[in-house]
Amino acid sequence: MARVLVTGGTGYIGSHTVVELINAGYDVAIVDNLSNSNINVLDGIEKICGVRPPFENIDCNDYENMDRLFGKYPDIVAVIHFAASKAVGESVEKPLMYYRNNIGSLITLLELMKVHKVQNIVFSSSCTVYGQPDILPVDENAPIKPALSPYGNTKQINEEIIRDTAHSDSNLHAILLRYFNPIGAHPSAEIGELPNGVPQNLLPFVTQTAAGLRKELKVFGNDYNTSDGSCIRDYINVVDLAKAHVVAVRRMLDKKATEQVEVFNLGTGRGLSVLEILNTFIKVTGVNVPYQIVGRREGDIEKVWANPDKANNVLGWKAQETVEDTLLSAWHWQEKLMGK
């Protein structure tokens, strides 16, 4: 069976995608340096799938060891590249770390894919490439705006690197998946979002505050031009998101792609504000979440949500889960972490 290399495969989206790949019949190899994930994720994957995928503790910037990895798994037919630093706020504070990690790792990967004749890559991109869109919902033809954060800029640059590389090498095929905001956990509660240290994303901070691990949630700004003044995002269930990667890999292996580099938005098509997410979480769980409104956070976009028609019609993929069930899954995962 074909093997898919998943970089960042013990991370949040990576681990859920590994589960969906295994369930779809693919062999998987995971590479991750565990900088923002935990080795125990492999236990959760094994409990769900009955399979423990091979794992390599390597930084994707490490050319020599990545070269060795490709040699060890000569049956790799596609790469899904998740491995990256991913927090907007942190990237403003530590831009050089983001440029070195996010851009260097992709360059290393593309160089070694050519050496080892691996011709398919699915790239984990982001709706941040659109900046603050002129028209909502945003589709794949929207102009790429100047990035509002180093994180967003690395996604834009990496998309350009993939396009330029594909232009120079007709054998390389790529699908760029621009995510909106992944939330939730696997319904088994065996895997979920588990950031190291203080969470940089909204929902883990909500669940940790609800669990009493954090004193209060900070809502960054209530003076945006939205219904309740807080930022609006398109929140997508992480399992729905993971399934799109399996569809993308299959599309390339079946040679159904109509372009050498294809782009798809992955979202629900519905925008929800930070306060709407918070209030819905409180409603479906019955658990209170103390919060405080604070000033805006540098790098944040006011409002963005997807037009997912292209992914729905061309990929044949659609987000299925409700936001209520998704928020509940995140809470069940948090409860499991606390041993409840």
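Using modelled atom types, no side-chain atom of Asn38 and backbone atom of Val41 make a donor-acceptor pair closer than 3.5 Å. The backbone N or O of Ala87 sits less than 3.5 Å from a side-chain atom of Tyr98, completing a donor-acceptor pair. Formation of a donor-acceptor pair under 3.5 Å by the Ser125 side chain with backbone atoms of Leu177 is not found in this model. Side-chain N or O atoms of Asn312 include one that pairs as donor or acceptor with a backbone N or O of Pro308 at under 3.5 Å. Side chain of Ser124 to backbone of Phe82: no donor-acceptor contact under 3.5 angstrom is found. For the pair Glu298 (side chain) and Gly89 (backbone), a donor-acceptor distance under 3.5 Å is absent. Looking at Gln292, its side chain never comes within 3.5 Å of a backbone N or O of Val219 through a donor-acceptor pair. Formation of a donor-acceptor pair under 3.5 Å by the Glu20 side chain with backbone atoms of Lys243 is not found in this model. Distance alone, capped at 3.5 Å, is enough to place a donor-acceptor pair between the Gln260 side chain and the Ala166 backbone. With Lys256 contributing its side chain and Arg251 its backbone, the two residues share no donor-acceptor pair below 3.5 Å.
Residue Val122 is tested with His81, His173, His245, Glu262 for a side chain to side chain contact (heavy atoms under 4.5 Å, CB included); the sole match is His245. Evaluated for a side chain to side chain contact (heavy atoms under 4.5 Å, CB included) with Leu110, the options Asp169, Ile121, Asn158, Asp164 yield exactly one hit, Ile121.
A side-chain donor-acceptor contact under 3.5 Å links Glu193 and Asn201. The closest side-chain donor-acceptor pair between Tyr151 and Glu90, if any, does not fall under 3.5 angstrom. No hydrogens or angles considered: nothing links the side chains of Glu321 and Thr326 as a donor-acceptor pair under 3.5 Å. No hydrogens or angles considered: nothing links the side chains of Thr108 and Asn61 as a donor-acceptor pair under 3.5 Å. Remark: the Tyr99 side chain and the Asn153 side chain contain an N/O donor-acceptor pair separated by less than 3.5 Å. A donor and an acceptor atom, one from each side chain of Asn222 and Ser230, are nowhere located under 3.5 Å apart. Side chains of Asp234 and Tyr179: a donor-acceptor N/O pair is absent below 3.5 angstrom, by distance only.
Two residues are said to be in side-chain contact when any heavy atoms from C-beta on lie closer than 4.5 Å; Cys231 and Thr226 fail this criterion. Using a 4.5 Å cut-off on side-chain heavy atoms (C-beta onward), Tyr291 and Glu216 make no contact. Using a 4.5 Å heavy-atom threshold, the side chains of Leu176 and Arg163 count as touching. Side-chain atoms of Val238 and Ile13, non-hydrogen and from C-beta on, do get closer than 4.5 Å to each other. Side-chain contact between Val4 and Val18: absent, with no pair of heavy atoms (C-beta onward) separated by less than 4.5 Å.
In terms of heavy-atom proximity, Ala2 sits nearest to Leu253 at CB-CD1, 4.4 Å. Contact detail for Gly71 and His116: the closest heavy-atom pair is N-CE1, 3.8 Å. Across all their heavy atoms, Asn36 and Lys86 have their closest contact at ND2-CE, 4.2 Å. Listed here is the closest heavy atom pair of Ser149 and Val88: CB-CG1, 3.8 Å. When all heavy atoms of Lys72 and Glu56 are compared, the closest pair comes out as NZ-OE2, 2.8 Å. The heavy-atom pair separating Asp240 from Trp317 by the smallest distance is O-NE1, 2.8 Å.
Remark: Glu93 engages no residue in a side chain to side chain donor-acceptor pair (under 3.5 Å) (not counting sequence neighbours). Scored by the ring pair (Phe, Tyr, Trp, His ring centres under 6.0 Å) test, Phe123 finds no partners at all (sequence neighbours excluded).
Taking CG of Asp67 as the reference point, atom CG of Asp62 lies at 10.0 Å (rounded to 0.5 Å). Rounding to the nearest 0.5 Å places CD1 of Ile30 at 8.5 Å from CD1 of Ile39. One distance of note links NE2 of His16 with CD of Glu190; it measures 10.5 Å at 0.5 Å rounding. Rounded to the nearest 0.5 angstrom, Leu278 CG and Leu272 CG are separated by 12.5 Å. The OH atom of Tyr130 sits 11.5 Å away from atom CD1 of Ile301, with the distance rounded to the nearest 0.5 Å.
With a 6.0 Å radius and a threshold of 12 heavy atoms from other residues, nucleotides or ligands, Glu46 has its CD atom above the threshold. The environment of Lys218 atom NZ is sparse: at most 12 non-hydrogen atoms of other residues, nucleotides or ligands sit within 6.0 angstrom. Counted within 6.0 Å of CZ on Arg270, heavy atoms from surrounding residues, nucleotides or ligands total 12 or fewer; the atom is thus considered open. Atom NZ of Lys94 has 12 or fewer neighbouring heavy atoms from other residues, nucleotides or ligands inside a 6.0 Å radius. Residue Arg52 places its CZ atom among more than 12 non-hydrogen atoms of other residues, nucleotides or ligands, all under 6.0 Å distant. In Glu64, the CD atom is not crowded: 12 or fewer heavy atoms of neighbouring residues, nucleotides or ligands sit closer than 6.0 Å. Within 6.0 Å of atom CG in Leu34, more than 12 heavy atoms from other residues, nucleotides or ligands are found, so the atom counts as buried in its surroundings. Within a 6.0 Å sphere centred on NZ of Lys318, other residues, nucleotides and ligands contribute 12 heavy atoms or fewer.
Note on Val246: it does not cluster hydrophobically with Val118, by side-chain heavy-atom contacts below 4.5 Å among ILVMFWY residues. The cluster map of Ile, Leu, Val, Met, Phe, Trp and Tyr, joined by side-chain heavy atoms under 4.5 Å apart, puts Val79 and Val28 in different clusters.
Annotation: cation-pi geometry not satisfied between Arg233 and Phe180 (NZ/CZ under 6.0 angstrom from ring centroid, within 45° of ring axis). Judged by a 6.0 Å distance limit and a 45° cone about the ring axis, Arg3 is not positioned over the six-membered ring of Tyr26.
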Open item on the list: salt bridge (Lys or Arg N to Asp or Glu O under 4.0 Å), that's the test. Do Lys155 and Glu159 meet it? Break it down for me.
Closed with: CA-CA 6 Å; Lys155 292 300 184 184; Glu159 286 197 5; over 6 Å; no
TODO: Please step through side chain to side chain contact (heavy atoms under 4.5 Å, CB included) for the pair Asp139 and Asp309, ending with a clear verdict.
DONE: CA-CA 8 Å; Asp139 67 20; Asp309 288 352; over 6 Å; no
